[in-house]
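Notes follow once the structure below has been shown.
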Amino acid sequence: DALRGEGLDGAWVLKLAGPELAARDAARARTVLDEALAASPELPTLWQARAQAEIGRLGAEKAAVVFAAVAAVYDKALASDSPVPLAERGDLWAQYKACADDLCDDGAKLLELARAYAKWRTKADLLARPLGPVPAIKRKRAAAALPDAGARE
C-alpha cells in the first residue's frame, strides 16, 4: 500500500525487492516490483529489476521459459506506448539484447529484436538531435540554345 503513495522512491523499492529478497522469495519480489511498476511505470530501473527477478528463475526453469518471461517484461517496458521516456530506454535495450544473446536460440526473435532496437535508436537519435529543414535543390538554368553554325541562309 505504501507503494501507491505520492513520491515513490525507486531506490527504496529496489532495496525492498532487490537481489537479496529475490533470492529468498522470488514470488514476493515480483509482487513488490509489479506494485511499484503500477505506481511508477516510467522508471527504467524498476523495469530492469523486474526483468532481473525473472532471470533469477534460471536455475529452476529452462532458458527458453525464462527468456519468454524476461522478453515479456522488456517488450512491455519498450513498447511504443510505454511511459518510460524514449531517451531513457537505452539501458533497457542493452540489457534486453544481452539477455537475448545469452538465452534466446530463436533466430527470428533475435532478428525482430535487432530491428526493433534499430527503430528505437533512430527515434531516440532524432529526438536528441532533430534534423534541420531540407535545403531546396538549386538547379542550374538551362543554357540558351546556340544558333546552329552549320545552317546558313
Side-chain angles (χ1 to χ4, degrees), residues 1-140:
D1 292 332
L3 297 175
R4 298 183 206 294
E6 298 268 334
L8 173 70
D9 182 6
W12 176 79
V13 173
L14 292 177
K15 286 180 185 175
L16 179 65
E20 298 81 22
L21 177 60
R24 290 190 314 257
D25 188 0
R28 178 70 183 139
R30 284 193 293 273
T31 301
V32 169
L33 288 166
D34 286 342
E35 290 174 4
L37 283 168
S40 282
E42 72 282 355
L43 296 175
T45 53
L46 291 178
W47 288 103
Q48 283 182 335
R50 181 63 176 89
Q52 290 298 319
E54 294 298 335
I55 290 172
R57 300 175 12 193
L58 261 176
E61 297 186 37
K62 293 184 178 187
V65 173
V66 173
F67 178 71
V70 171
V73 171
Y74 281 122
D75 287 343
K76 191 172 180 183
L78 298 168
S80 61
D81 62 345
S82 171
V84 176
L86 190 68
E88 295 181 22
R89 296 181 188 183
D91 289 340
L92 291 172
W93 274 112
Q95 291 295 321
Y96 191 9
K97 288 171 49 181
C99 179
D101 289 343
D102 291 343
L103 301 177
C104 184
D105 59 357
D106 180 6
K109 178 64 178 176
L110 292 172
L111 181 60
E112 175 188 331
L113 184 61
R115 287 180 177 158
Y117 172 76
K119 186 176 180 180
W120 166 79
R121 182 78 263 165
T122 301
K123 284 183 183 178
D125 288 346
L126 287 174
L127 181 66
R129 191 170 189 190
L131 295 175
V134 177
I137 298 175
K138 294 182 181 178
R139 298 179 184 233
K140 293 182 180 180

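One is the number of the first residue; the rest follow in order along the sequence. Any value given below was found using the heavy atoms of this structure, including those in side chains, with hydrogens, waters and symmetry copies removed.
Taking all atoms of both residues into account, the shortest heavy-atom contact from L33 to A53 is CD1-CB, 4.1 Å. The minimum heavy-atom distance linking A69 with R57 is given by the pair CB-NH1, 3.8 Å. Here the closest heavy-atom approach between residue V73 and residue A51 is recorded as CG1-N, 3.9 Å. Nearest approach of P44 to L92, heavy atoms of both residues: O-CD2, 3.6 Å. Across all their heavy atoms, V70 and C99 have their closest contact at CG1-SG, 3.5 Å. Among all heavy-atom pairs drawn from W47 and P41, the shortest one is NE1-O, 2.7 Å.
Aromatic ring orientation, W93 versus Y117: perpendicular (interplanar angle above 60°, classes split at 30° and 60°).
Rounded to the nearest 0.5 angstrom, T45 OG1 and R50 CZ are separated by 14.5 Å. Residue L127 holds its CG atom at 12.5 Å from OG1 of T122, rounded to the nearest 0.5 Å. Distance check: K97 NZ to D102 CG gives 13.0 Å after rounding to the nearest 0.5 Å. The CD atom of E35 sits 12.0 Å away from the CG atom of L46 when rounded to the nearest 0.5 Å. In this structure, OG on S82 lies 13.0 Å from OH on Y74, to the nearest 0.5 angstrom. Rounded to the nearest 0.5 Å, atoms NZ (K123) and OG (S80) are 6.0 Å apart.
Residues L78 and W120 fail the side-chain proximity criterion, which asks for heavy atoms closer than 4.5 Å. Side-chain contact between Q52 and I55 is present, with heavy atoms from C-beta onward closer than 4.5 Å. Side chains of L43 and L37 form no contact here, defined as non-hydrogen atoms less than 4.5 Å apart. Taking the side chain as every heavy atom from C-beta outward, R115 and L111 approach each other to under 4.5 Å.
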> Hey, mind stepping through L58 and L103 against side-chain contact (heavy atoms from CB on, under 4.5 Å) and telling me if it holds?
Replying inline: CA-CA 10 Å; L58 261 176; L103 301 177; 3.8 Å; yes
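Between the side chain of Q48 and the backbone N or O of Q95, no donor-acceptor pair lies under 3.5 Å. Checked by atom type and distance alone, the side chain of R30 never pairs as donor or acceptor with a backbone atom of E54 at under 3.5 Å. S40 places no side-chain N or O within donor-acceptor distance of the main-chain N or O of E42, the cut-off being under 3.5 Å.
Under 4.0 Å is where a charged nitrogen must lie from a carboxylate oxygen, and between D125 and R129 no such pair does. Between K109 and D75, at least one side-chain N (NZ, or NE/NH1/NH2) sits under 4.0 Å from a carboxylate O, which counts as a salt bridge.
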